[in-house]
Amino acid sequence: MLDLKFVRENIKKVKEQTEQRELDLDLDEFIRLDIERRDLLQEAESLKFQRNTVSEKIAMLKKEKKDAFSEITAMQEVSQRIKELDRKLSEKEYLLNQILLNMPNMPHSSVAVGYSEKDNPEIKKWGEIPEFAFKPKPHWDIGEELNILDFERASKITGARFVLYMGWGARLERALINFMLDLHTNEHNYVEVLPPFIVNRQSMTGTGQLPKFESDLFRLEGYDYYLIPTAEVPVTNIHQNEILKESDLPLYYTAYTPCFRSEAGSYGKDTRGLIRQHQFNKVELVKFVTPESSYNELENLLLDAEEVLQRLGLPYRVVSLCTGDLGFSAAKTYDIEVWLPGQERFVEISSCSNFEDFQARRANIRYKSEGKSKTRFVHTLNGSGLAVGRTLVAILENYQQEDGSITTPEGLRPYIGGVDKIEKTRNVKSEK
RNA sequence: GGAGAGAUGGCCGAGUCGGCUGAAGGCGCUCGCCUGCUAAGCGAGUGUAUGUCGAAAGAUGUACCGAGGGUUCGAAUCCCUCUCUCUCCGCCA
């Protein structure tokens, strides 16, 4: 959420911004409501002052057994008027808040202006695109041939866009989770967190998924609860409504969670394989930092995520999202895209963002330095470290051998009992 | 799911029959004094949000005692609804 005062004072900038994103927000209405709200507030407050003073006087009069009838009748009217003003006021505030909650963050000045992902500048590249003496296969073929990914049975169990990992597939996924968590906790100083996978409306609003993106979420029937679309939501909301000590900052958290996304509106996109699933695993990195340090922290967050790919020997590039491709809550985002030889394309495997105080304001996460009285909003950041399913995809496609087996990345071997090669997992075929 | 108890400031903990209670008292913390050092002692201060005045220091208004609503001139105190915590029973990994 943007600061009301900021919007008021920078209405032109905000307008340009929302127009560029083709958002339908009535900012003139916003200005009008803001003025009305302040007028109402002023009137209500001066009446309340009057009521408080006279009420005290009434108490005195009663104590002295004197008559207070005229004061009381006068205040009856004042109270009625206050009630009316308060009602109008909360109406205006509600409307203002709705507009604010639907207003996206302002991009950082270093973000390139552009309209789509084609305009995202490439920041860096790492690793060699592997050469194959044969035609590399896409992971869905590899996975099914090795009997480690079963899409058919998953759709029987649940439906489309779910996957069943079997044997070495399941083992590899678990190994990746452990590998990532160990790297971030042992070497990058993150505290491991295992949060609830179901959150309430307030948490979803705090990080910016609600109210605008309800259709992307799975909601529990009969509750105001949602399945998390990313660990960002529960982990960022750990400190919802808290005032942190500056000396405790920066806070680094890492969490493994499954992520649930309805993928509404993505029909026909990535329908094969496990690139786009309703449920996938992710190890997330979340930071709470001071405003002064947040952009430096973003660079380091990116490096922490990149290191996972480097240790796994997977080639990737980093792009910086342009203004048109930037997410709702982010001020700046780097996407890491891993190379998938089976599909001959780069696919997003991590997204590292600085939200500045956008989420902190929504979730009311502040900090205070020792001895000083003023509180400030923290800056929050998060990044995937990494999307586990897509990492598994990248390993299958980049490490595939001509005989159909998979060489395992050296860095991962301690997590899979030292095996250097994955071959066919035994499968039970039905006779139909 | 059933029965009961509770929710007050950084923490503990008072708040009588509704009225100088933003909230006693204690602890903690900050600053100052005192003191060979430490400890103890003494004094002052110590919430958040937002508005107004002020260059600033600061002064001042309003709101906030789990959340929302109601009664009242006036509510932490009375009434209603909800949420959460705890205890007991049931069920369950």
Side-chain angles (χ1 to χ4, degrees), chain A residues 1-9 30-31 33-101 194-206 210 219-226 234 237-249 251 258 357-378:
Chain A
M1 189 158 68
L2 297 176
D3 183 15
L4 179 71
K5 225 186 279 174
F6 173 87
V7 179
R8 190 187 291 149
E9 286 163 9
F30 179 87
I31 298 165
L33 286 167
D34 183 41
I35 292 166
E36 285 173 355
R37 187 194 70 101
R38 279 193 285 176
D39 290 346
L40 287 168
L41 192 67
Q42 238 176 349
E43 193 183 346
E45 285 196 353
S46 68
L47 286 179
K48 280 178 187 173
F49 176 53
Q50 192 187 341
R51 184 180 67 184
N52 288 345
T53 352
V54 177
S55 286
E56 259 175 51
K57 191 176 164 201
I58 291 169
M60 295 251 295
L61 289 172
K62 287 219 166 172
K63 223 178 207 169
E64 294 165 18
K65 308 265 185 224
K66 288 186 187 158
D67 175 60
F69 181 76
S70 64
E71 280 81 1
I72 289 176
T73 37
M75 283 310 100
Q76 280 174 341
E77 258 174 62
V78 171
S79 269
Q80 270 316 107
R81 178 73 184 141
I82 288 173
K83 219 171 257 182
E84 200 185 313
L85 288 169
D86 275 347
R87 199 167 32 239
K88 279 191 195 162
L89 194 60
S90 65
E91 199 180 296
K92 305 290 175 200
E93 272 171 356
Y94 174 80
L95 292 172
L96 269 174
N97 211 250
Q98 286 311 299
I99 298 176
L100 274 178
L101 283 173
L194 187 60
F197 302 157
I198 296 174
V199 300
N200 60 28
R201 169 171 293 272
Q202 195 186 343
S203 294
M204 283 293 188
T205 308
L210 289 177
R219 181 174 172 183
L220 299 199
E221 196 171 336
Y223 296 85
D224 209 10
Y225 288 169
Y226 300 81
N237 279 287
I238 289 174
H239 296 299
Q240 171 199 114
N241 280 316
E242 289 186 18
I243 300 176
L244 304 167
K245 281 194 246 150
E246 181 167 15
S247 55
D248 287 334
L249 300 179
L251 288 169
D357 62 8
F358 188 86
Q359 293 181 326
R361 185 171 287 109
R362 287 171 162 251
N364 196 27
I365 308 169
R366 293 169 295 169
Y367 77 98
K368 187 151 89 169
S369 39
E370 235 92 357
K372 290 191 185 151
S373 64
K374 85 169 174 232
T375 57
R376 301 170 72 193
F377 288 110
V378 300

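To find a chain, count down the sequence lines: A is the first, B the second, and so on, and within it residues start at 1. The figures here come from the full heavy-atom set of this structure, side chains too, leaving out hydrogens, waters and symmetry mates.
Nearest heavy-atom pair across A:Gly206 and A:Arg362 is O-CB, 3.3 Å. The two atoms that bring A:Asp67 and A:Leu61 nearest to each other are O-CD1, 3.8 Å, heavy atoms only. Across all their heavy atoms, A:Val199 and A:Pro234 have their closest contact at CG1-CB, 4.1 Å.
Separation of the C1' atoms belonging to B:C84 and B:G26 is 28 Å when rounded to the nearest angstrom. Taking the P atoms as reference points, B:U62 lies 16 Å from B:U21, given to the whole Å. Taking atom P on both B:U60 and B:A67, the two are 27 Å apart, rounded to the nearest angstrom. Only the P atoms considered, B:C89 is 44 Å distant from B:A23, to the nearest whole Å. The separation of B:A76 from B:A63, taken at their C1' atoms, amounts to 14 Å, rounded to a whole angstrom. When the C1' atom is used for both B:G68 and B:A7, the distance is 15 Å, rounded to whole Å. Rounded to the nearest Å, the gap between the P atom of B:C92 and that of B:G4 is 24 Å. Annotation: B:G47 and B:U8 have their C1' atoms spaced 13 Å apart (nearest Å).
Side chain of A:Asp357 to backbone of A:Phe377: no donor-acceptor contact under 3.5 angstrom is found. Between the side chain of A:Thr73 and the backbone N or O of A:Ser70, at least one donor-acceptor pair lies under 3.5 Å. With A:Arg37 contributing its side chain and A:Glu93 its backbone, the two residues share no donor-acceptor pair below 3.5 Å. The main-chain N or O of A:Met75 is never found under 3.5 Å from a side-chain atom of A:Arg51 such that the two would form a donor-acceptor pair.
In this entry B:U21 has no Watson-Crick or G-U wobble partner, no candidate having both defining distances under 3.5 Å. Base pairing analysis places B:U77 opposite nothing; no Watson-Crick or G-U wobble pair with both distances below 3.5 Å involves it. Remark: B:A14 base-pairs with no nucleotide; criterion is Watson-Crick or G-U wobble with both hydrogen-bond distances under 3.5 Å. The partner of B:G1 is B:C89, judged by Watson-Crick or G-U wobble contacts that both fall below 3.5 Å. The base-pairing partner of B:C33, taking Watson-Crick or G-U wobble contacts with both distances under 3.5 Å, is B:G41. Both distances falling under 3.5 Å, in either a Watson-Crick or a G-U wobble arrangement, place B:C84 opposite B:G6. B:G51 and B:U60 make up a base pair, with Watson-Crick or G-U wobble contacts both under 3.5 Å.
Picking from B:U48, B:C84, B:G61 the nucleotide with the shortest atom distance to the side chain of A:Tyr225 gives B:C84. The listed nucleotides are B:G51, B:G61, B:C73; the one nearest the side chain of A:Phe49 is B:G61. Of the candidates B:G47, B:C20, B:G51, B:C20 carries the atom nearest the A:Met60 side chain, counting heavy atoms from C-beta on. Listed nucleotides B:C20, B:U48, B:G19 differ in distance to A:Ser55; the shortest reach to its side chain belongs to B:G19. The side chain of A:Lys83 lies closest to B:U71, out of B:U71, B:A63, B:C73. Closest to the A:Lys5 side chain, of the nucleotides B:G19, B:G74, B:G51, is B:G51.
In this entry the distance linking OH of A:Tyr367 with P of B:U48 reads 14 Å, nearest Å. A:Met75 places its CE atom 11 Å from the P atom of B:C73, with the value rounded to the nearest Å. B:G70 atom C1' lies 16 Å from atom CD1 of A:Ile82, rounded to whole Å. The separation between A:Glu56 atom CD and B:U72 atom P is 21 Å, rounded to whole Å. Rounded to whole Å, atom P of B:G74 lies 13 Å from atom CG of A:Leu47. Counting to the nearest Å, the C1' atom of B:A49 and the NZ atom of A:Lys368 are 12 Å from each other. Here B:G70 presents its P atom at 11 Å from CD of A:Gln80, a figure rounded to the nearest Å. Rounded to whole Å, the distance from NZ on A:Lys48 to P on B:A63 is 6 Å.
Residue-to-nucleotide proximity on RNA chain B shows that, of A:Ala59 and A:Thr53, the 5′-proximal contact is made by A:Ala59.
A salt bridge is defined here as a Lys NZ or Arg NE, NH1 or NH2 lying under 4.0 Å from an Asp or Glu carboxylate O, and A:Arg81 with A:Glu43 meets this definition.
Look at A:Asn52 and you won't find any side-chain N or O under 4.0 angstrom from OP1 or OP2 of B:G74. Applying the 4.0 Å criterion to OP1 and OP2 of B:A49, one finds that A:Thr375 has a side-chain N or O inside that range. Here A:Ser46 does not reach the OP1 or OP2 of B:G61: none of its side-chain N or O atoms lies under 4.0 Å away. Phosphate proximity of B:G74 to A:Lys62: absent, as no side-chain N or O sits under 4.0 Å from OP1 or OP2. At B:G51, none of the side-chain N or O atoms of A:Gln42 fall inside 4.0 Å of OP1 or OP2 (strictly under the cut-off).
Using a 4.0 Å heavy-atom distance criterion, A:Gln76 is classed as a sugar-phosphate-only contact. A:Arg38 comes within 4.0 angstrom of nothing in the nucleic acid, heavy atoms only.
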